2 protein chains.
Amino acid sequence: MGTTQLETVPEPKYWHLKTVLSEALDSEFSVGEILPNERDLAARFGVARATLRQALEQLELEGRLQRRRGVGTTVAPPRMGVAVGTEQHSWPGTAGDAWQPADCTAAVPPAGIAGLLGTDTDTQVHTVRRSRVNDGQPVAAELLYVPETSVPGLTAPDAPSGAARARAVLRELQRLELEGQDRAVELGSARVEDARELDRLPGAPVLVVTTRFFAGGRTAAVSVATYRADTCRLTFGDPDGVVIHHGAGAPSLDTSPEPVT
Amino acid sequence: MGTTQLETVPEPKYWHLKTVLSEALDSEFSVGEILPNERDLAARFGVARATLRQALEQLELEGRLQRRRGVGTTVAPPRMGVAVGTEQHSWPGTAGDAWQPADCTAAVPPAGIAGLLGTDTDTQVHTVRRSRVNDGQPVAAELLYVPETSVPGLTAPDAPSGAARARAVLRELQRLELEGQDRAVELGSARVEDARELDRLPGAPVLVVTTRFFAGGRTAAVSVATYRADTCRLTFGDPDGVVIHHGAGAPSLDTSPEPVT
DNA sequence: AAGTGGTCTAGACCACATG
DNA sequence: ATGTGGTCTAGACCACTTA
C-alpha cells in the first residue's frame, strides 16, 4: 500500500463537512443570507442528504444556522444575551422584568414540582404561563407554579380566568417577603406546547431554568422557564454581553446591542 | 370519509416512540440496566433503525439514556447537580474548588477571547487546562486564559511546563484583588479535545460556561468551561439539588446525595 | 403548483469493546 | 470472533410556506 494514509482515525464525513461549512459561513456568508437547499448542497459536497443534514443539525445546535420548513436555511445572527441573574432577589412579575403574563389555570403540577413545593401530588396549584420576548422574537416560555397557600388572597375560585388571573397571582406574590432563591440550568427538549410558543419544532433543544422562590421558611413558588437554546445565551451577573462560543473552538465577539432593559 | 381521523397533525413516529420508551424507562427499568440493542428494539416497534435512533438520541439528550459504542445502551442515573455559582467572587484555583489543574501552555487565544481580554489577536496568553470530576466521573473541561500582564511574576518563559506551571499561574492570580465576575451559559458541541476528556464523542452536547474575572479595572482572566450536558445540571446559588426536568414535561425529584465539595 | 425542510426506510459498512 | 453503537447511502413520501 503506497498510499500516505496519515489519518489513523478518519474523521467522519459529517464532521469534516461541518467544519468546512462553518468556515464558509464565516467568510462567504452574512447574517440572514439563505443557503442553497439541502439537495443541492449534498450534491455539491458529494454526500447523501442525510449526511449533510447531520452537519446542518450541529451547526443549528450551535446557533450558526436557522432552518425553517418550507422556507429554507439561513445564517443565524449571533446569539442574543438574555439576562437571567439580574432580577435576583425579586419576585416574578416585578415591573419591567421582561416577562409577559399570558394565562393562569389551576392544575395539579408534575410530581417533581409538587415535591419541590411540598404539596400533595394531587393538590392543584396556580399555574401561570408567561412568555418572554426579546428583539421581537420569542425566546422563552415559563410555567410558574404557586401553591394556593402562598397567595391566600385568592383561595376562592372566584378569580377571573386567563391573563387577568395571572396578573392577580403575581400581584399577590409581591406581598410576601422574598427570603432567597435558587437556580439550576440544564438541557432539555421542547414539549409540544413550548415548541409552538417558541416557534420551533417539538423536541428542539432548550435550556431549562428552574428557579425556587423561598418565603415564609418554605418554597413559595417554582418557576420552570424554557429558553431557545439555539438563539439564547443566558447571562448571569452583569448584563453585558459575554462571548459566543462556536463549538469548533473559534469564539467570536458578540457585538449585539443587548437590549435587555 | 367515514374514518375517524382525529389526528389532524399526525405525530411523527420517533416522537411517539420516544414517549413510549420514556414511560417504559420510568416503569420497567432501573438505573444502570441495559436495554435491548437497537436492531432488536427497532424490530420490536416495527420501525427502521434510523427512526429508533432518532428517539434514543432525544432521550440521551435529556439525560435519560447513556449509549456507548461497542457496549450498549443503559438507563442513565438522574443528572447530578454541579455547583457553578457558589465560588462566586473567588479566583479559580482557590483551595477545594473542585477543579484540578492539568496543564498550561502559552498560546494565542481565539479571536473572541482575545477581544474579551483586550489583548491583540496575535498575543500569547497563559492557557491553563483544568478538569472537574464529580462522583469519579469527568463532568467538565476548562480552558482558562490569563494574559501575561495579569500575572507579572511569570512573564519570563522560565516557568516549568505542564501542571506545575498551571499551579504557578493560579497561585499568582490569587494575589490580585478580584473586583467582580460575569457568567454566561449557552449550548455548544464538544470539540474533539474536550470530547476525549469528557469521555464522549466529538460534537456531543455541552453546556458552555464563560466567566470573566475582573481585576485592576479590566478583564484579568477568562474561563471557558464545557460541562457534559447529558449528565449535568448546573446549579446557581444554594448548592441543594433542584429539579430534574424531563423533556416530556414530567419532572421528578432528584434524590441524589449532591456530593459537591 | 413548486420548492423547502422533516420524516422514514432498508439496507451496508465501520469503529470499538468484550470474551 | 462477535456484538454493540456510529456512520453513510439512495431513495421515497410528507408537511409546510410561498407564489
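Because the structure is predicted, anything quoted here is derived from the model rather than measured. Sequence lines set the chain letters: A, B, ... in the order given, protein chains first and strands last, and positions in each chain run from 1.
With sequence neighbours left out, B/Glu38 forms a side chain to side chain donor-acceptor pair (under 3.5 Å) with B/Arg49, B/Arg53, B/Arg67. A search for side chain to side chain donor-acceptor pair (under 3.5 Å) contacts involving B/Glu33 returns B/Ser30, not counting sequence neighbours. Residues passing the side-chain contact (heavy atoms from CB on, under 4.5 Å) test with B/Arg196 are B/Glu193, sequence neighbours excluded. Residues meeting the side chain to side chain donor-acceptor pair (under 3.5 Å) test with B/Glu142, sequence neighbours left out: B/Arg130, B/Ser223.
For the pair B/Glu11 CD and D/dA15 P, the interatomic distance rounds to 14 Å; values are reported in whole Å. Counting to the nearest Å, the P atom of D/dT4 and the CG atom of B/Leu201 are 18 Å from each other. Rounded to an integer number of Å, the gap from B/Glu38 CD to D/dG3 C1' is 12 Å. For A/Arg53 and D/dT9, the CZ to C1' distance is 15 Å, given to the nearest whole Å. Rounded to an integer number of Å, the gap from A/Tyr14 OH to D/dT9 P is 13 Å. Atom P of nucleotide C/dG6 and atom CD of A/Gln54 are separated by 14 Å, given to the nearest angstrom. At whole-Å resolution of the value, CD in A/Glu57 and P in C/dG6 are 8 Å apart. Between the CG atom of B/Leu52 and the P atom of C/dT7 there is a distance of 15 Å, given to the nearest Å.
Regarding contacts with the backbone of C/dT4, a side-chain N or O of A/Asn37 is found under 4.0 angstrom from either OP1 or OP2.
Comparing B/Leu35 and A/Gly70, the nucleotide of DNA chain D nearest to each residue sits closer to the 5' end for B/Leu35. Positionally, the nearest nucleotide of DNA chain C for A/Thr73 lies more toward the 5' end than for the other of A/Ala50 and A/Thr73.
Residue pairs meeting the salt bridge (charged side-chain N to carboxylate O under 4.0 Å, His left out) criterion with at least one member in residues 103-112 of chain B, sequence neighbours excluded, do not occur.
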Can you name the atoms? Protein N/O to nucleotides 12-14 of chain D N/O, anything below 3.5 Å, with the distance.
none

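Listed nucleotides C/dA10, C/dG5, D/dG6 differ in distance to B/Arg67; the shortest reach to its side chain belongs to D/dG6.
You'll find the side chain of A/Arg132 reaches within 4.5 Å of the side chain of A/Tyr227, heavy atoms only.
Here B/Leu56 lies out of heavy-atom contact (under 4.0 Å) with every strand.
Of the candidates B/Glu62, B/Glu60, B/Glu11, B/Lys18 forms a salt bridge (charged side-chain N to carboxylate O under 4.0 Å, His left out) with just one, namely B/Glu62.
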